[in-house]
J.: 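Pasting in a structure now, in structure tokens, and then I'll have a few things to ask.
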Protein chains: 2
Amino acid sequence: MVRKSTSKETARKPNMREAILAAAEELFATNGFNAVSVRDIAHAAGANPGSVTYHFKTKDGLLLEIYRRHCGPMNLRRSELLAAARRVRDLQDRLEAIVRAYVVPAFTSGSDLAGGGARFTRLRAVMSAEGNEVARKIIAQTFDDTSHAFIDAIHESLPHIPRTDIVWRSHFLLGALYYSLVTPERVSRLSRGEVDGSDAAGAIEQLVRATVAAFQAPALDQAEPARRRPVVSSKT
Amino acid sequence: MVRKSTSKETARKPNMREAILAAAEELFATNGFNAVSVRDIAHAAGANPGSVTYHFKTKDGLLLEIYRRHCGPMNLRRSELLAAARRVRDLQDRLEAIVRAYVVPAFTSGSDLAGGGARFTRLRAVMSAEGNEVARKIIAQTFDDTSHAFIDAIHESLPHIPRTDIVWRSHFLLGALYYSLVTPERVSRLSRGEVDGSDAAGAIEQLVRATVAAFQAPALDQAEPARRRPVVSSKT
DNA sequence: TGATCTTTTGTACGATAGTACAAATCACAT
DNA sequence: ATGTGATTTGTACTATCGTACAAAAGATCA
């Protein structure tokens, strides 16, 4: 209802709305939802607090709009990559391609949105940890379809593994992915400076390699529970 | 300075201080630090808000005390289990025992503390996501030693894997562990009710199985970067 | 019992939260 | 140039925050 492209300009506009969204995204992703005030966001965006209310009505509305902004493009990208991955003939290569299709969009720029998917993925990680209600609803109704599609695809390339095991392992994948984005500095610290945890390319390669192996692990045989359990459990 | 064990009672005391700690732990772990007010905590503990100030001075002080309460016992338990795991002779079994020594105390009761380690581990996950300063400091100076010990132990049982890769993989392990405790209901949902994500024993077995395989994956050969990269990357 | 601690209660204060809203300002079609 | 709708600003309201502190209550021991 706004769109003012009468003459020549079609894309660029020093938009306050965009600035607020970007600032909020960054602040929410690093500090959580409740630790950031509307005034903080406005200040970071160079805007007036009232302007946030004007554009997004409430703080929840602002968060909602951030999600709306990213979910579509990211899931589209994932669908495309997943479709391509499904066409890989070699089963081992296909599994890796599927995992990559899941991981890459989460780490790198989601379509035309500035800043990229890493910030948004980190935001999702933080909201999920905080148990944010707004986020929970959107996540469940937006990402579950994608998650199921990936689980199905992985299951197809690993038919001998029960679906429950694949669910668990893809859950672990998401956890590892989230945590890598939340505290990359921990990787740098624990490696004594040998690796940069913030390096997306490096993180992706490591995550893909580890995750593919995890998916390929033999399934948990719930039929015969105590086959060859190793020691330690309740020794000391 | 307090200790009033004059006659016979040595342990039991209907302690308000304990109730506040337990309530705060639960609320922080599920809602984050900033979303929970001192009044919420006091109400949940059946105490007066002023009582929180009396016992812990500030809200940060309360969080600090929660950490102090758990860190010692949990790390002690981990050290014991790690020491036992190190004595396992078979390399494959040893690796699994080490991973188990890391995971089990995080999921189950840490020594005599009520409620157990799962709640505290979840708390750590949430604080880490929120970038809580108090938590960050304690974590870095309390858990890094333990993390290094585990990384070293794993490295010993997998000498052909570079240390950097092991750091990444143990980072993924912690992320998967955290996420399993933060949103167990997602596992139930994605498995269409077939598994209970809150079942600690099941989660542990799945996590251990997947993680051991991830650690055993061939290392990323950074020497020759493009040896046999699979397809898809930038195709579509 | 009464004195002396510790603990709990009740209340209050200043700061800051989210949001509402009128006034000022801007962008653009005529 | 001017009118009109979109945006931005400034300010104010109420609620709630963390914390302080005095008074009440409870416990401990001479």
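By convention in this document, chain letters (A, B, ...) are assigned in the order of the sequence lines, proteins followed by strands, and residues within each chain are numbered from 1.
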J.: Are the side chains of A:Arg100 and A:Ile204 in touch, meaning some heavy atoms are under 4.5 Å apart?
T.: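 Contact flag for A:Arg100/A:Ile204 side chains = yes.
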J.: Decide yes or no for A:Leu173 and A:Leu207: does some side-chain heavy atom of the first lie under 4.5 Å from some side-chain heavy atom of the second?
T.: yes
J.: Under 6.0 Å between the ring centres of A:Phe120 and A:Tyr67?
T.: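 So the answer is yes for these two rings.
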J.: If you check every side-chain atom of A:Thr58, which of C:dT19, D:dT8, D:dA20 has the closest atom?
T.: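 When the side chain of A:Thr58 is considered, C:dT19 is the closest of C:dT19, D:dT8, D:dA20.
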J.: Take atom CG of B:Leu63 and atom C1' of D:dT19, then tell me their distance rounded to the nearest Å.
T.: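 Whole-Å distance recorded here is 17 Å.
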J.: Rounding to an integer number of Å, can you tell me how far A:Asp40 CG sits from C:dA17 C1'?
T.: 10 Å
J.: Show your working on side chain to side chain donor-acceptor pair (under 3.5 Å) between B:Ser51 and B:Asn48 and close with a plain yes or no.
T.: CA-CA 5 Å; B:Ser51 199; B:Asn48 189 283; over 6 Å; no
J.: Round to a whole Å and report the spacing from CD1 of A:Ile41 to P of C:dG18.
T.: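 So the CD1-P distance, A:Ile41 to C:dG18, works out to 8 Å.
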J.: NA contact type, A:Arg17, heavy-atom cut-off 4.0 Å: base, sugar-phosphate, or nothing?
T.: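 Nothing, no heavy atom under 4.0 Å.
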J.: Quick one: A:Arg39 CZ to C:dA15 P, roughly how many Å, whole number?
T.: 14 Å
J.: Start at the 5' end of DNA chain C and walk down; is the nucleotide closest to B:Ala47 or to A:Phe33 reached first?
T.: B:Ala47
J.: Let me know the distance between CD1 of B:Ile20 and C1' of C:dT9, rounded to the nearest Å.
T.: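 In whole Å, C:dT9 C1' and B:Ile20 CD1 are 12 Å from each other.
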J.: In whole Å, what is the span from the NE2 atom of A:His43 to the P atom of C:dT16?
T.: 14 Å
J.: Side chain of A:Ser37, heavy atoms from C-beta onward: which of C:dA17, C:dT7, D:dT19 has the nearest atom to it?
T.: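 The closest nucleotide is C:dA17.
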J.: Report the nucleotide, chosen from C:dG18, C:dA20, C:dT7, that has the shortest atom-to-atom distance to any side-chain atom of A:Thr53.
T.: C:dA20
J.: At under 4.0 Å, does any side-chain N or O of B:Tyr54 touch on OP1 or OP2 of C:dT8?
T.: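 B:Tyr54 to C:dT8 OP1/OP2: no side-chain N or O under 4.0 Å.
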J.: Is the phosphate of C:dT8 approached by B:His55 (side-chain N or O, under 4.0 Å from OP1 or OP2)?
T.: yes
J.: Could you state the atom-to-atom distance from CZ of B:Phe56 to C1' of C:dT6 in whole Å?
T.: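 The answer, rounded to whole Å, is 15 Å.
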J.: Under 4.0 Å, heavy atoms only, any strand: does A:Ser51 hit a base, just the sugar-phosphate, or nothing?
T.: base
J.: Can you check the A:Asn48 CG to C:dT25 P distance for me, whole Å?
T.: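 From A:Asn48 CG to C:dT25 P: 14 Å.
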J.: Using the benzene-type ring in the case of Trp, are the ring centres of A:Tyr179 and B:Tyr178 under 6.0 Å apart?
T.: yes
